[in-house]
Amino acid sequence: MTLSFLDSLILVIPLLGSIAYLTLAERKVMGSMQRRLGPNQVGSYGLLQPLSDGLKLLVKESVLPSQANKGLFYLAPFITLTLSLLGWIPIPFAKASPLADMSLGLLYLMALSSLGVYGVLLAGWSANSKYAFIGSLRSTAQLVSYELPFALLILIVVIIPGSLSLSHIIEAQEPVWYLVPLLPIWVLWVMVVVAETNRAPFDLPESESELVAGFFTEHSALPFAYFFLAEYGSMILISVLSSILFLGGYLLPGDISTSPVLESLVLGVKSCFLLFLLIWIRASFPRVRFDQLMYLCWAGLIPILFGLVILVPSILVAFDILP
Amino acid sequence: MVMSNLIMYFCFVPLFTATLMVINNRLGVKKGDPAKVSPYECGFAPVGTSRQKFSVSFFLVAILFLTFDLEILFVYPFAMSLCHLSLLGYWVFIVFSLILTVAFVYELGIGALNYATKASSSSLTSSQNSPRDSNRTKQEANKENSSQE
């Protein structure tokens with residue numbers, strides 16, 4: 001009982017810390033890419049900036065708009081952050097060390113990412129503000145549409161090991177990381193990941209120049225911080241997931257014997273590379289228009305992925321290389 | 001062990017987030033004035049209701065998502081059991097995919113996802129803005145005529 005409580009604590013506290021420092025990393029990296037300093041006042045090199053931000057958001061007044069639906073207004077950020085934190089249960093950080101080794105871990109993750117839409121929908125509806133409403137409409141359409149390529153991409157990857165358990169998928173990559181045989185799918189995966197996590201250039205829900213802040217326009221203080229934490233938490237989660245699916249998770253290339261500490265370090269380095277990639281993409285590309293975004297999904301990604309879903313098992317059957 | 005971990009985590013996370021929210025509610029000052037708690041609208045007093053109509057395209061996307069996501073989930077068991085299936089199972093999957101493709105081509109063909117044209121021809125925008133729009137187009141047409149002359 002106490003042990004499992006400690007397990008939960010050991011997972012959640014570093015997770016919140018890494019989310020906080022991811023925001024600092026993003027601001028620093030964006031600053032360097034735009035030839036400015038980024039935060040550098042609080043602590044040396046701005047290292048205490050996330051802590052002061054967090055403390056500020058914790059003690060600020062959380063304004064409840066007069067026409068808002070009170071219960072749903074506070075329920076929405078609660079749901080969003082809770083779902084984002086719950087996604088970490090089946091992630092194996094090292095050999096045989098997830099919180100709970102689920103045999104259907106990927107299915108569980110997809111179910112959670114589908115449920116995330118409810119937070120967005122409730123936030124936009126309950127705030128009773130036009131910006132929030134339009135933002136939540138767009139965001140829902142985007143999340144729901146990109147759910148399809150996301151599911152198709154995972155489907156293509158899991159055909160090869162024939163298992164939905166994350167540790168099985170990693171073990172199946174011991175001969176070669178899936179990045180090598182599935183390189184075109186990796187490119188599509190990066191596009192879908194950017195859209196699923198609502199990052200620029202696909203950050204239509206919170207396009208500041210049009211919709212103020214999208215579906216959480218009316219949220220302030222901690223409810224706002226919850227949406228923020230959830231977004232960055234799902235960024236980290238999906239980076240870890242992509243390094244598990246494509247980059248061999250905690251495996252080093254070759255037959256190098258590893259210890260659990262080294263394994264989790266390897267997973268961390270791979271995920272950090274992917275997080276940097278997401279920030280890099282944000283700094284490099286301008287935002288697309290909403291109809292372009294939907295057209296890319298429905299007329300670009302989904303047809304090509306239908307094709308690949310037929311192609312990959314066909315290759316496996318034709319060459320008789322099924323597991 | 002695994003089960004107790006799961007249950008503990010499922011209880012711990014909602015409690016944790018809820019507790020922080022309560023702390024924020026207690027610590028934060030509560031000074032609402034009418035301007036602060038009114039819905040945000042670029043500094044203006046809010047105009048009309050925020051429960052507005054929206055384009056039918058959003059609804060279509062949701063409906064299409066339901067059907068296609070269901071169909072994708074049908075393929076998951078196939079992907080899991082591909083190594084146990086005979087060649088027959090593979091061909092059944094191909095036929096299933098073909099039917100899916102036909103449905104998808106039909107859906108794209110009728111322009112169900114054509115946002116740009118939907119938005120310009122939808123009855124919602126045209127009925128709301130028609131008088132002003134027609135005036136504007138007339139003025140623009142006049143301007144163009146005069147400039148050509």
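Each chain gets a letter, A, B and so on, in the order its sequence line appears, and its residues count up from 1.
- In terms of heavy-atom proximity, B:Phe68 sits nearest to B:Glu107 at CE1-OE1, 2.9 Å.
- Listed here is the closest heavy atom pair of A:Leu81 and A:Ala230: CD1-N, 3.9 Å.
- Residue contact with chain B, scored on non-hydrogen atoms closer than 4.5 Å, is absent for A:Leu106.
- Scored by the side-chain contact (heavy atoms from CB on, under 4.5 Å) test, B:Asn24 finds A:Leu58, A:Ser62, A:Ala221, A:Leu222, A:Pro223 as partners (sequence neighbours excluded).
- No other option in A:Leu107, A:Val317, A:Ile134, A:Ile156 has as many heavy-atom pairs under 4.5 Å with chain B as A:Val317.
- Contacts of A:Ser314 with chain B are made by both backbone and side-chain atoms, with heavy-atom separations under 4.5 Å.
- Looking at B:Leu85, there are no atoms closer than 4.5 Å to chain A (heavy atoms on both sides), in backbone or side chain.
- Under the 4.5 Å side-chain criterion, counting only non-hydrogen atoms from C-beta, A:Leu137 is in contact with A:Phe133.
- Heavy atoms closer than 4.5 Å to chain B are found in the side chain of A:Leu11, but not in its backbone.
- Heavy atoms of B:Phe65 lying under 4.5 Å from chain A belong to its backbone as well as its side chain.
- Of residues 70-79 of chain A, those residues with a non-hydrogen atom less than 4.5 Å from any non-hydrogen atom of chain B are, in numerical order, A:Tyr74, A:Pro77, A:Phe78.
- Considering A:Leu57, A:Leu85, A:Ile19 in turn, A:Ile19 is the only one that fulfils the side chain to side chain contact (heavy atoms under 4.5 Å, CB included) rule with A:Leu229.
- Between B:Phe78 and B:Phe93, the ring-plane angle classifies as parallel under the 30° and 60° cut-offs.
- For A:Val12, the part lying near chain B is the side chain, with the backbone staying farther off; criterion is any non-hydrogen pair under 4.5 Å.
- Applying the salt bridge (Lys or Arg N to Asp or Glu O under 4.0 Å) criterion to B:Asp69, with sequence neighbours excluded, gives no partner residue.
- Both the backbone and the side chain of A:Val309 have a heavy atom closer than 4.5 Å to some heavy atom of chain B.
- At a 4.5 Å heavy-atom cutoff, the contact between A:Val158 and chain B is made by backbone and side-chain atoms alike.
- Of the atoms belonging to B:Ile94, it is side-chain heavy atoms, and not backbone ones, that fall under 4.5 Å from chain A.
- Within the 4.5 Å cutoff, the side chain of A:Leu245 has heavy atoms near those of the A:Ile169 side chain.
- Considering only heavy atoms from C-beta on, B:Val75 comes within 4.5 Å of B:Phe96 through its side chain.
- Heavy atoms closer than 4.5 Å to chain A are found in both the backbone and the side chain of B:Tyr9.
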Given A:Leu308 and A:Leu305, is the side chain to side chain contact (heavy atoms under 4.5 Å, CB included) satisfied, shown in steps?
CA-CA 5 Å; A:Leu308 286 168; A:Leu305 281 170; 4.2 Å; yes

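- Not counting sequence neighbours, the partners of B:Phe10 by the side-chain contact (heavy atoms from CB on, under 4.5 Å) test are A:Leu86, A:Ile89, A:Tyr108, B:Leu6.
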